[in-house]
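Written below as structure tokens is the structure these notes are about.
For ligands, and for the atoms within them, numbers begin at 1 and follow the listed sequence. For the single chain, residues carry numbers from 1 onward in sequence order.
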Amino acid sequence: MDTNLKYVEIKTALRKNSLPNHFLGKYSFSPYRACEHACKYCDGRAEKYYVDGNFEKDIVIRKNLLSVLANDLRKIREKGYVTIGSGVSDAYQPIEEKTFLMQNCAKILNNFNLNLNFNLNRDNDHHHSVINRYNLNLSVKVITKSKLIMRDIDYWEKIHKKSAFLLCMSIVFADDNLRQIFEPKASSIDERFKTLQEFKARGMYVGILMMPLIPLIGDSDDNITKIIERAKKIGVDFILPSTTTLREGIQKDSFLQLIKNNFNNHYKDMLYLYSNNAKSGNPILSYRENFYARLKKIFSNTKINTVVPHYTYKNCYPLYDELFLLLNDMECFYESRDVNTKPLKYSISRYEEWLLEEKSKFNRKRNLNYRYLEDLFLENISNHNMDEIIKNEKLMKLIKRVVLDRETITLL
Ligand code: SF4
């Protein structure tokens, strides 16, 4: 069956997250809906995402994306990462070869960097710090399983030179035989590593999303170690590993059918691992405990970041958002090291509450740009109000080093 293309008009392109996270960044968008790569585990198939028709064949193209994106970008008041791609489509799936939507998006994002203009008069006497803080270039992250992104490498490199570009490749198999079964139309494993290598060679950031590792089939120490070894040779900036989630309904049924047809010896065990029917789609707790304990062991001594490193997003967000991301990364990192993160969690939730409240005021004042909120944030640090919010002396010292001294934190 051939691909069916459906063209739709959209009213908005950019989704904005009031609090950034590493998956969605600050802003996110996607040129397509549904995905020709046809990964058998893809949770884009789940009813939750309302992707109509045949997930692998009925591809929706947002035909007015470029004009809507350009318009949405004009309204941006805060810098941050723009994530392109989503859980329900790959921005560099085969149709992109014909549409060039991504290449045109890259051009628009490049122009945006050049054209944004703020009134700096108020701060002429502090020229340098003003320029740094008003650096409103957007950073970009693309999540893909396709070598087609190589076609546009020059455009992404230009963005990296002005701000940052991060390429995230999903790689869960060291072996292309398994890849052909589970990710039939995505680029081969060799092609993906080669693409990562090219981006890295040009100085851009590259990370591997080692997710979803498929229980009983792709979660062996051997498979994981082989991927790590290849990643180390390239010098990837990080690897984020995770297990497979199967949501009840089409996603789980079609995946289990594939296991039955191709790995019948694992079928019963796979049924058991997902017999909990968790809303999140996670496998049973005993499996997860064992899996994450093994991961910890495998990754120890590899000197590979398993959280997104601070240097890849430093200066890419307003200071208050950068701190929010860093605190969450710290929580994730220390949790994986079995450190008690309760005090840290408490501080994060208090900081989050403060930040959301200030952001909601900021959002109501359309004439302000992020500098206003950043000033307020810095003021709260210098007048010690932030000490009362964080309520953790040691953490507060670190925050000051990050925010005032601009120290880069390493979590390894
Ligand atoms: S490339 Fe991503 S979006 Fe596309 S089918 Fe695979 S997992 Fe789903």
Partner residues of E358 under the salt bridge (charged side-chain N to carboxylate O under 4.0 Å, His left out) criterion, sequence neighbours left out: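 With neighbours one apart ignored, the set is K361.
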Partner residues of F23 under the ring pair (Phe, Tyr, Trp, His ring centres under 6.0 Å) criterion, sequence neighbours left out: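 Once residues adjacent in sequence are excluded, F23 has no partner under the ring pair (Phe, Tyr, Trp, His ring centres under 6.0 Å) criterion.
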I381 to D387 - nearest heavy-atom pair and separation: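 I381 and D387 have their closest heavy atoms at O-OD1, 4.5 Å.
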From I214, L213, I227, I181, residue fulfilling side-chain contact (heavy atoms from CB on, under 4.5 Å) relative to F173: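 Going through I214, L213, I227, I181 one by one, the side-chain contact (heavy atoms from CB on, under 4.5 Å) with F173 is satisfied by I214 alone.
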NZ (K232) with more than 12 external heavy atoms under 6.0 Å: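 Atom NZ in K232 is crowded, with more than 12 foreign heavy atoms closer than 6.0 Å.
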Residue pairs involving residues 198-207 (criterion salt bridge (Lys or Arg N to Asp or Glu O under 4.0 Å); sequence neighbours excluded):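 Salt bridge (Lys or Arg N to Asp or Glu O under 4.0 Å) check on residues 198-207 returns D154-R202, E157-R202, K200-D237.
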Sum of protein N, O or S atoms, each under 2.8 Å from atom 4 (Fe) of ligand 1: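 Protein N, O or S neighbours of atom 4 (Fe) of ligand 1 under 2.8 Å, waters not counted, come to 1.
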